Each structure stands twice: as C-alpha cells, then as structure tokens.
Visitor: 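Sending over a structure as structure tokens; questions will come in a sec.
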Amino acid sequence: MPELPEVESARATIERGALGRRIAAVDDTDRYECRPHAPGEIARALVGRRLVSVHRRGKSMWCETSGADGGEGAGPALGIHLGMSGRIVVTDADGSSIEGGDWLGGRYGRVADQPDRKPEWDRFTLTFDDGGQLRLFDKRRLGRVRLDLDLSALGPDAQQVDLAEFAARVGRGTVAVKARLLDQSVLAGVGNLLADETLWQARISPRRPAGELGAEELAALHRALLAATEAAIARGGVHTGEVIEHRTPGGHCPRCGAELARATVGGRTTFWCPAEQR
DNA sequence: AACAATGTTCAGTC
DNA sequence: GGACTGAACATTGT
C-alpha cells in the first residue's frame, strides 16, 4: 500500500499516538529490515528516550528522539520506510489499536485487518513503558528501519512542489512520463498506483516522453497529482483512486467505458485509457 | 508452479 | 557523469 498517502497517514498515526511515550524496549532483531544495523544496536540507541516529532518526505519517515531518560539534548533520528507492504500500528496499554485509517476494501489496502495476521509479520517493535507499542507490520519484508536515514537521494516531496518546480523537474528527459513521476530523486512520494491515477486524471498517456509535454499538460499533471494525493489521504489510501478499482485485466475506463490498456512502463505494470490518455 | 505485487537499489549499457 | 534498463532483494497471494 504504501505510497505518499499511506505514509502520510502512518505519520499522522505516530504523531497522534506515539509521541512523548518513553521507550522501554525495542525489538530490532529482523536482520533484513534493520540492516545494516546489528541486532541490538537500534535498541541501545533508543531505550530510555521518547519520540518527540515525526516527519515525512515522500515515502520516507523519521522520528526525532529526546535525550536519554529525560536528559537534555536529542537522540538519534529513527528512520522508517514502509517498503511494499508495511504499516504502522500503534497500540495503547491494553493492546487496542489507536491507529488512524480503516484501510477499507479493494484489492489493495488490507493488511492488518486480515484474519491470518501473523505475529512474525511485526518486523520492528517499540514497547513503551506504559505497555503500549509502535509496530512496523510488514508482510513482504521490504520495509526499512534505520538510524539517521539518508534523504539526500530524494527529490522534493510530491505534495509540496509548486507548478514551476514540478514542470522543471518532471518535464524533461526522454523517458516515459510515468517513469519520471516514479523517480524518487525527481519527486518523492509517487508510487505505481498514484502515478496511474494521476495520469488518468490528467488524460495523459503514461508512455509520452516526459520532455515532450507542453506547459498546459504539465500544469494539468501537477493539478491532477495534488488532487489525487489529497483525495487518497482523505479516503484512506491510493487504492480509493477512481481508476484504481478498474485497474485489472479487462477493466474499463470509468469515464468513457473504453477497455483499459495494459503494459509495462517504467518497469511497472501500467493501466491507462487508450481513448482518453494521449 | 510460475508469476505478479502499492517498494528501493545496484550493476550494467549507452 | 547523466540517463536509462533490468535484475535482485524477501515474501505472499493468485
């Protein structure tokens, strides 16, 4: 699930539920998600501290931490990336979840609601001294947790670029626009589904060379990106996008009824309306 | 059983 | 060096 909207929801969940609570224990034993840290390294760095703020750029999040045991100064930042299937779950002392979005239906977006939820899918856990937890629940195990996350390879957050910057960054090069939108060093936050939804809303073919787009098309794309992102956050995830539910073999354009085209663009499976998206 | 999956990254080519 | 491509990564679901 995790594209910018899901990560923003996760960020809000942490902000609402996990800040200020003292970290009593840390399970950082997942070798893959916590690499290159050795098991115990993140734990040593965080126990006794509190999360004081959460930030996001694109699909990356990081929490700033307090000094140790209420002391002055600041601790290391805790970086979190949800990967392909991660979610953040924050619980109260009694174990009840105080997380945000409901992640309703559709082929995407359900993970923690599933009845076959396995404990081993919790890849990283902070336990607070009140007994509650912050967990990274991640079936596919491509998420990442690390201290002092490096953000230098990321472009500006997709939700925050203005039209001028958007046009300058996206509207160049010979690659397909979709590939350009997916490039996190160009813009941070757009994933496969959000890219399809944005291009569909803007009526632009994902295969168009990015540098060939005109000023009006880039403006339409920028508008569509902001609208699609905002709607996804409000509705609980990118899977709520207008074309997304039709994004299946044999699916039809919900606007004109034409059968959606399917192909690999920018290395990812792509659906678009061949009648409207030019 | 083979393949695709909302993620990034790295090696390799032009 | 920059732009671009494809495979690899770990795991699950179809």
Side-chain angles (χ1 to χ4, degrees), chain A residues 1-10 30-36 56-61 79-88 101 103-124 136-146 149-155 158 169-200 206-207 209-211 228-229 232-233 235-241 243-245 247-250 262-271:
Chain A
M1 318 172 281
E3 297 188 30
L4 190 157
E6 286 79 10
V7 180
E8 175 54 28
S9 299
D30 190 291
R31 305 289 260 140
Y32 189 79
E33 302 225 1
C34 299
R35 86 198 138 85
R56 180 190 62 74
R57 177 144 145 217
K59 305 170 197 169
S60 292
M61 286 186 285
I80 301 175
H81 196 293
L82 301 179
M84 188 83 99
S85 64
R87 306 190 34 165
I88 291 296
W103 313 98
L104 304 168
R107 290 181 302 135
Y108 311 100
R110 291 184 199 158
V111 177
D113 315 332
Q114 293 184 352
D116 59 338
R117 186 178 192 290
K118 298 189 181 119
E120 59 265 35
W121 289 338
D122 286 326
R123 313 289 182 178
F124 177 80
L136 171 57
F137 173 83
D138 182 13
K139 267 190 176 182
R140 306 231 159 110
R141 210 183 174 209
L142 284 171
R144 291 290 291 272
V145 175
R146 49 176 310 173
L149 193 65
D150 179 17
L151 301 170
S152 62
L154 290 183
R169 290 182 155 267
V170 176
R172 46 170 302 205
T174 59
V175 258
V177 225
K178 178 168 178 184
R180 202 77 196 150
L181 287 172
L182 290 175
D183 186 336
Q184 303 297 298
S185 67
V186 172
L187 271 190
V190 180
N192 199 28
L193 299 183
L194 188 55
D196 277 6
E197 175 72 16
T198 297
L199 288 159
W200 177 80
R207 301 208 268 202
T229 301
I233 292 174
R235 297 164 63 176
V238 273
H239 63 281
T240 62
V243 244
I244 305 304
E245 61 178 295
R247 203 178 164 286
T248 174
R262 178 192 185 173
T264 297
V265 181
R268 310 300 301 273
T269 298
T270 302
F271 288 85

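Keep in mind it's a predicted model, so treat the numbers as computed, not measured.
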Visitor: Which one, B:dA4, C:dT12, C:dC4, comes nearest to the side chain of A:W121?
Guide: C:dT12
Visitor: Figure out the CZ/P separation between A:R35 and C:dA8, and round it to whole Å.
Guide: 16 Å
Visitor: The side chain of A:R123 is closest to which nucleotide in this list: C:dC4, C:dC9, C:dT11?
Guide: C:dT11
Visitor: Expressed in angstrom and rounded to an integer, what is the separation of A:L194 atom CG from B:dG7 atom C1'?
Guide: 14 Å
Visitor: Can any side-chain N or O of A:Q184 pair as donor or acceptor with the backbone N or O of A:G189 at less than 3.5 Å?
Guide: yes
Visitor: Does a nitrogen or oxygen in the side chain of A:R268 sit under 4.0 Å from OP1 or OP2 of B:dG7?
Guide: yes
Visitor: What nucleotide, of B:dG7, C:dG13, C:dA3, holds the atom closest to the side chain of A:T174?
Guide: C:dA3
Visitor: Classify the nucleic acid contact of A:R172 as base, sugar-phosphate or nothing, counting any heavy atom under 4.0 Å across all strands shown.
Guide: sugar-phosphate
Visitor: Would you mind reading off the distance between A:M84 atom CE and C:dA8 atom P, rounded to a whole angstrom?
Guide: 15 Å
Visitor: Quick check against the 3.5 Å criterion: does A:R140 have a side-chain atom that pairs as donor or acceptor with the backbone of A:M84?
Guide: no
Visitor: Between C:dT11 atom P and A:D30 atom CG, what is the distance in whole Å?
Guide: 8 Å
Visitor: Separation of A:L181 atom CG from B:dG7 atom C1', in whole Å?
Guide: 17 Å
Visitor: Sub-3.5 Å donor-acceptor pair from the side chain of A:R262 to the main-chain atoms of A:R247, do we have one?
Guide: no
Visitor: With respect to the phosphate group of B:dG7, does any side-chain polar atom (N or O) of A:H81 fall under 4.0 Å of OP1 or OP2?
Guide: no
Visitor: Between A:R140 and A:L154, which residue's closest nucleotide on DNA chain B lies nearer the 5′ terminus?
Guide: A:R140
Visitor: I need the CZ-C1' distance between A:F271 and B:dA5, as an integer number of Å.
Guide: 12 Å
Visitor: At 4.0 Å (heavy atoms only), tell me whether A:G191 reaches a base, stays on the sugar-phosphate, or touches nothing.
Guide: sugar-phosphate
Visitor: Between C1' on B:dT8 and CG on A:L149, what's the gap in Å once rounded to a whole number?
Guide: 12 Å
Visitor: Looking at C:dA10, which nucleotide sits across from it as a Watson-Crick or G-U wobble partner, both distances under 3.5 angstrom, or is there none?
Guide: none
Visitor: Counting only heavy atoms not in A:R35, do more than 12 sit closer than 6.0 Å to its CZ atom?
Guide: yes
Visitor: Under 4.0 Å from OP1 or OP2 of C:dT12: is there any side-chain N or O of A:K139 that close?
Guide: no
Visitor: Using modelled atom types only, decide if a donor and an acceptor are shared between the side chain of A:E197 and the backbone of A:V243 within a distance under 3.5 Å.
Guide: yes
Visitor: At 4.0 Å (heavy atoms only), tell me whether A:R146 reaches a base, stays on the sugar-phosphate, or touches nothing.
Guide: nothing
Visitor: Can you measure A:Q184 atom CD to B:dC10 atom P for me and round it to whole angstrom units?
Guide: 15 Å
Visitor: Compare side-chain N and O positions of A:S85 against OP1 and OP2 of B:dG7 and report whether any pair is under 4.0 Å apart.
Guide: no
